[in-house]
2 protein chains.
Amino acid sequence: MPSRVTLQDVAVRADTSRTTAHYVLTGRDREMRIAEETRRRVLRAANELRYRPDLMARGLRTRVTRTIALITDTIATEAYAGGLVHGALAAAAGHGHLLFVCETEEDPALEERLVGELADRHVDAYLYASMFTRDVSLPAGLRTQRVALLNCRTSQRKCPWVVPDERRGGRDAARILLETGHREGIWLVGEPNEQVVAGLERTAGIQETLRAAGTALAGTVHCTWWPESAYEEFGAFLDGGGRASAVICLNDRVAMGVYQALTARGLSVPGDVSVVSFDDSDLAVWLQPPLTSVALPHREMAARAVRLLLGRQTPTELEVRVPMPVRLRESVRPAASA
Amino acid sequence: MPSRVTLQDVAVRADTSRTTAHYVLTGRDREMRIAEETRRRVLRAANELRYRPDLMARGLRTRVTRTIALITDTIATEAYAGGLVHGALAAAAGHGHLLFVCETEEDPALEERLVGELADRHVDAYLYASMFTRDVSLPAGLRTQRVALLNCRTSQRKCPWVVPDERRGGRDAARILLETGHREGIWLVGEPNEQVVAGLERTAGIQETLRAAGTALAGTVHCTWWPESAYEEFGAFLDGGGRASAVICLNDRVAMGVYQALTARGLSVPGDVSVVSFDDSDLAVWLQPPLTSVALPHREMAARAVRLLLGRQTPTELEVRVPMPVRLRESVRPAASA
DNA sequence: TTGAAAGCGCTACCAC
DNA sequence: GTGGTAGCGCTTTCAA
């Protein structure tokens, strides 16, 4: 039997009325000029009875439940997702809110059902997240709700969105190599022509910085963003006589494939080739040697989005670009010669 | 403005009372012998007004909210966690329930606060999960609640728990090698003496099956369950003249380290050494060649736990051991000779 | 068969 | 300063 003690019980035990007990328990005793003596009695009674307000009853009156929902397309397929959920969880808890988590599985019908269920339970606000950065269309039920977009954008509605600063991340990746003396023979591995915003932005940032330094990419090895594809394509590149001084991989999984292709041919990182990557997933520290990677700041992004949702003032800026921290590890070493 | 339409509105439009409307909308029209004509009017009115019952108001009366909570120690550090969350999400949705997700961060104070918050919102039932199999102590607030344990056990209370069938998984891992002709030179890599139940059970299963076949492990290479440690310890083993025909790794991360140690020395999988592992994480398919692994059935476990919680009949069996599916890939090949 | 009315626990208005 | 009282939207008993 949880929450059996009611406000009424507290009032009775404090020998006062529900109203008075209510005011002191909601911290409005000063405002209502409740006698100090009364105040103490109420507080003591509440304590002794271990009173806890029934949030459902309160919500029925106030229409606020102190709950938010994280609606995401898919959580399990991407190991990265953990950061987003974790960040949202921690931030919500910090604001005294609880978090519903939902997965739409990219199914509009399921999505609509879930949004309905959430609304029926009077969720206060929504985090609408995508596992990879892209433009989304908000489900109809969310159009009139308080929403912050996480790792995605929309053109349908004026609502704040939080994304990684991929462009700057790209610049940083290139800068790491320039600072260690790499100028020629820098290859990009991945598929930058993809629909995926991240790829385009990262590539743009890389090229921008390289150009500013008076140099450019030696070329691109095309492959999907998965180890197997990178292993094969980069292996083919090497077998075809391709030679790289440094490689920028569009994510850690691609870097894993590159490592595999290299070691299978007796080449070493960073001895023969320096490697820089993006995401800073678990893989980055598991690879041998550990991989220098520009991190996807998932936790921080989620925290920012929650703050936008629950913070006091409505944000002036609609777009928040969260910096991608650079994690320097042993996969980069100074270029052989000047 | 969501949920603005009330039962009252529907009753008015259907030209009947709230009670009648209520009965037909909750499907108790037959039981209450509501006139077919009335029934139709109510249904039509509800449809036209897009009536949706306010679950908070309903909950205030019935004390059921159709929500469950997943309380977990930590979600972000283990990429595996995704499966558990995903499974719980899908199963809960299947039962028309929404899922609160909480992370206690192994902090008893935070855990207690969260349990309190959940109770204040009248969560119907709880999934108490651990990211690695172990014995847990339930927070006080959960002692009187409907709880199912996920990937953990407790001695404090009689409540159902769901764990992987690690013992059988161990037997299967050994069987895979026996069936491909491996009898001698089978090494275990990992730390089976750990506090972790999984390690002990897996090892026990392996030894059982090997013994039944009249053979035994050639030995154990001790290391923690992380790539780096496995890379170093297994590397040292090889450098010390150690030779293995096949290796059973206590998880995929260990297998990754073993792969790295092998390829760094020009040895190949499965050409020189066959490798079998546990967990079937993302890594297993990313490694080159893809790794044969005995899967941790996280989704299925979560689904089972939800069913125990929400299913009609109270489970007769308190303990559910979920089989670990074997994923055969290219890391095993027949032993060189008989 | 249908309808009036009470009440879940809380908030908030308005008298005293 | 304090205490009735009226709902929030729903369920459910009881009478008609």
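Order of the sequence lines fixes the chain letters, A, B, ..., with proteins taken first and strands second; residue numbering starts at 1 for each chain. Scope of the values below: all heavy atoms of this structure, side chains included, with no hydrogens, waters or symmetry mates. The model shown is predicted, which means the values in this text are computed figures rather than measured ones.
- Within the structure, the side-chain hydrogen bond (donor to acceptor under 3.5 Å, both in side chains) test picks out the following pairs touching residues 123-138 of chain A (sequence neighbours left out): A:Thr65-A:Asp124, A:Asp73-A:Ser130, A:Asp73-A:Arg134, A:Glu111-A:Tyr128, A:Ser130-A:Arg134, A:Thr133-A:Asn151.
- In this structure the side chain of B:Leu84 never reaches within 4.5 angstrom of the side chain of B:Thr72, judged on heavy atoms.
- Atom CG in A:Asp9 sits roughly 11 Å away from atom P in C:dC8 (whole-Å rounding).
- Of the charged side-chain nitrogens involved, none lies within less than 4.0 Å of a carboxylate oxygen, so that A:Arg113 and A:Asp107 do not count as a salt-bridged pair.
- Atom CG of B:Asp15 is separated from atom C1' of C:dT2 by 12 Å (rounded to the nearest Å).
- With hydrogens and angles ignored, the 3.5 Å screen pairs a side-chain donor or acceptor of A:Arg146 with a backbone N or O of A:Leu309.
- Side-chain contact check for B:Gln156 and B:Thr154: at least one donor-acceptor pair (N or O, by modelled atom type) lies under 3.5 Å.
- Here the side chains of B:Val306 and B:Leu99 are not in contact, with every heavy-atom distance at 4.5 Å or above.
- Straight-line distance from the CE atom of A:Met56 to the P atom of C:dC8: 13 Å, rounded to whole Å.
- To the nearest angstrom, P of C:dT1 lies 14 Å from CZ of B:Arg39.
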A:Val12 vs A:Gln8, side-chain contact (heavy atoms from CB on, under 4.5 Å): CA-CA, chis, key distance, verdict: CA-CA 6 Å; A:Val12 167; A:Gln8 174 78 278; 4.0 Å; yes

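- Between B:Arg39 and B:Glu36 there is a salt bridge, with a side-chain nitrogen of the basic residue lying less than 4.0 Å from a carboxylate oxygen of the acidic one.
- Toward the 5' end of DNA chain C, the nearer of the two residues B:Ile34 and B:Leu60, judged by each one's closest nucleotide, is B:Ile34.
- Computed from coordinates, the A:Asp120 CG to D:dC10 P distance equals 10 Å when rounded to whole Å.
- Where the helix from C:dT1-D:dA16 to C:dC16-D:dG1 starts and where it ends, the local axes point in directions that differ by 50°; five pairs per end, rounded to 10°.
- Note on A:Ser17: a side-chain N or O is less than 4.0 Å away from OP1 or OP2 of D:dG3.
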Summary of protein contacts for nucleotides 10-16 of chain C, nucleotide by nucleotide, where a base hit scores B, a sugar-phosphate-only hit scores S (4.0 Å, heavy atoms): BBBB---

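- Proximity of B:Thr38 to the phosphate of C:dT2: a side-chain N or O atom is located under 4.0 Å from OP1 or OP2.
- Side-chain contact between A:His86 and A:His298 is absent, with no heavy atoms from C-beta onward closer than 4.5 Å.
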